[in-house]
Amino acid sequence: MDLTFKGIPQPIRLIDSGHLVPLMRKIVMSWPFVVGESDPATQPIIVVRGKVSGSYWIEAPWLDEPIVEETDVCTVCSLIIDLVRAWFDAHPAVLCMHCGAVEFAGRLVVFPSTNRSGKSTLIARLAAEGVAVHADDLLPLTQDDEGMSLGISPRLRLPLPENAGVTLTRFVMENQGAADQRYKYLELAAPLLAPFGKRNPIGAFVLLERQMRTAAELLPAPRGFGLQHIVRQNFVRQGSAVAMFARLRALIEVRPCYRLIYSDLDEAVDILKTSFAAPASVAFAPSVAAASVVSKPTDVGGATGTALRPAMDRTSYCRNPDALVEILDGESFLVLGDQDAIFYLNPIAGAIWRMLAEPLSEAQAAMLVSAAFPDLDRQGVRRDIRILFKEMSARKLILSAPHEPPAKTTQL
């Protein structure tokens with residue numbers, strides 16, 4: 001059996017797993033697809049093999065080995081992730097953001113994914129208030145910088161948190177869809193779930209910080225801090241890092257970015273509704289000007305201790321001239337076009353990068369940092385500098401200098 005989804009030229013082939021189709025229809029109910037007989041002459045983009053050795057196997061060109069799932073729900077969950085990947089491969093001009101998104105006053109408030117921040121639970125709680133869900137996990141960003149809904153139902157991890165509250169618990173019970181021991185989908189229809197293809201402009205970014213016993217606060221966040229989160233959440237990317245960085249930088253430079261610190265879901269929902277529900281809300285006001293930022297985001301610097309040789313490398317290094325530095329609100333990023341990669345520099349790494357305008361060795365860098373910050377543990381400084389240089393050299397951000405330099409006197 002073949003499933004041909006709108007926007008994906010090649011079919012998804014189900015082998016001994018056609019019984020998953022009704023479940024697919026419930027979870028991606030507004031994403032049009034056609035069910036037909038398999039054509040041996042047509043190469044599928046994804047193959048699902050039913051109950052191979054008691055398990056489902058999912059195969060796709062971008063997978064090094066098949067994904068193995070045990071239950072129908074987990075199989076469909078993994079299949080949807082690969083389905084989205086196939087859609088993005090067919091639309092290379094569209095960026096994919098790993099985030100949640102809901103609609104307030106015609107604009108999208110985007111929650112970039114962060115570990116254990118409660119994103120999906122918060123989005124479900126917002127849906128309980130009648131707020132339309134555009135994305136629970138993956139959001140296409142069009143060339144016009146609009147977020148596009150894929151019409152995928154929100155999914156909650158089980159069990160629900162102990163502090164889920166009465167409103168969310170009741171809403172989940174009234175709208176429960178497919179579930180197993182790990183996950184439960186919500187069965188939502190329009191207007192609570194935006195249909196496939198619906199586009200809305202991005203209104204604001206909100207970074208979630210769930211804490212214990214903390215009153216909910218919505219605080220302005222530096223755009224450089226927000227950009228770190230956004231570039232880290234690029235799920236599928238085609239094209240150059242330079243082009244992608246330019247798009248994301250332009251996106252966040254004119255849109256506000258916030259931190260939502262919270263512990264109580266109901267308080268978090270109240271503050272979001274108060275801040276964004278009105279069309280003329282000042283929370284949607286454009287950001288004040290600033291500078292720049294970067295795509296396979298990697299935090300360069302700030303690594304913690306690994307046992308390395310005690311003697312510091314006295315080889316002198318200099319910047320790779322092909323690395324472009326971008327700075328936004330004091331946060332530094334490097335874009336390396338030939339590697340098609342983007343790197344984030346923490347404050348110490350950024351200072352070292354500025355010193356590397358002239359040839360510099362590990363030993364010289366450690367001496368300068370220790371002199372500038374005499375309260376820091378010298379052994380710790382030497383260790384961190386050693387790791388930093390090793391990382392930057394491995395990623396071709398710095399290159400061996402052709403000659404040993406004279407003693408440096410550069411100040412931080």
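All values derive from a computational prediction rather than experimental measurement.
Put simply, the side chain of V325 does not reach to within 4.5 Å of the side chain of R319, judged on heavy atoms. Side-chain contact between R382 and I385: absent, with no pair of heavy atoms (C-beta onward) separated by less than 4.5 Å. Side chains of W62 and R85 form a contact here, defined as non-hydrogen atoms less than 4.5 Å apart. Annotation: side chain of Q211 is in contact with side chain of I261 (closest heavy-atom distance under 4.5 Å). Inter-residue side-chain proximity for L20 and D72 is flagged as met; some heavy-atom pair is nearer than 4.5 Å. Looking only at side-chain heavy atoms (C-beta outward), E129 and T167 come within less than 4.5 Å of each other. You'll find the side chain of R247 reaches within 4.5 Å of the side chain of L141, heavy atoms only. At a threshold of 4.5 Å between non-hydrogen side-chain atoms, the residues L138 and I80 do not count as touching.
Atoms CG and CZ, on L208 and R259 in that order, are 11.5 Å from each other to the nearest 0.5 Å. S17 OG to I12 CD1: the interatomic distance, rounded to the nearest 0.5 Å, is 11.5 Å. Rounded to the nearest 0.5 Å, atoms CE (M173) and CG (L160) are 10.0 Å apart. Separating the CZ atom in F33 from the CG atom in D2 is a distance of 12.5 Å, to the nearest 0.5 Å. The OG1 atom of T4 sits 9.5 Å away from atom CZ of R13, with the distance rounded to the nearest 0.5 Å. Taking CG of L192 as the start and CD of E103 as the end, the distance is 11.5 Å to the nearest 0.5 Å.
For the pair R255 (side chain) and I202 (backbone), a donor-acceptor distance under 3.5 Å is present. Although no hydrogens or angles enter the test, the distance criterion places no donor-acceptor pair under 3.5 Å between the side chain of N200 and the main chain of R107. Side-chain atoms of T274 never come within 3.5 Å of backbone atoms of L272 as a donor-acceptor pair (strictly under, hydrogens ignored). The main-chain N or O of A366 is found under 3.5 Å from a side-chain atom of S370 such that the two form a donor-acceptor pair. Under a 3.5 Å cut-off, the side chain of Y183 and the backbone N or O of C77 do not form any donor-acceptor pair. Within the 3.5 Å criterion, the main-chain N or O of D136 finds a donor-acceptor partner in the side chain of K119. S38 contributes a side-chain N or O that, together with a main-chain N or O of M1, makes up a donor-acceptor pair within less than 3.5 Å. Put simply, the side chain of T75 never gets that close to the backbone of Y56: no donor and acceptor are under 3.5 Å apart. The main-chain N or O of R199 is never found under 3.5 Å from a side-chain atom of E146 such that the two would form a donor-acceptor pair.
Shortest non-hydrogen contact noted between N163 and S263 is ND2-O, 3.2 Å. When all heavy atoms of P11 and Q43 are compared, the pair lying nearest together is CD-O, 3.9 Å. Nearest heavy atom pair, residue A365 against residue L360, reads CB-CD2, 3.8 Å. When all heavy atoms of K396 and N320 are compared, the closest pair comes out as O-ND2, 2.8 Å. Closest heavy-atom contact between L265 and A164: CD1-O, 3.8 Å. Minimum interatomic distance between G118 and R210 (heavy atoms only, all atoms of both residues): CA-NH1, 3.7 Å.
Around the CD atom of Q176, the shell of radius 6.0 Å holds more than 12 heavy atoms that belong to other residues, nucleotides or ligands. Counting heavy atoms of neighbouring residues, nucleotides and ligands inside a 6.0 Å radius, atom CD of E65 does not exceed 12 of them. W353 CH2: more than 12 foreign heavy atoms inside a 6.0 Å radius.
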inquiry  = Run the side-chain contact (heavy atoms from CB on, under 4.5 Å) test on F196 and K6 for me, step by step, so that the C-alpha distance in whole Å, both residues' side-chain angles and the decisive distance to 0.1 Å come before the verdict.
reply    = CA-CA 10 Å; F196 177 88; K6 182 177 181 179; 4.0 Å; yes
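Residues S55 and E70 bring a donor and an acceptor atom of their side chains to less than 3.5 Å of each other.
Ring geometry for F284 versus F276: interplanar angle of 30 to 60°, hence tilted.
F5 has its ring centre no less than 6.0 Å from the ring centre of W87.
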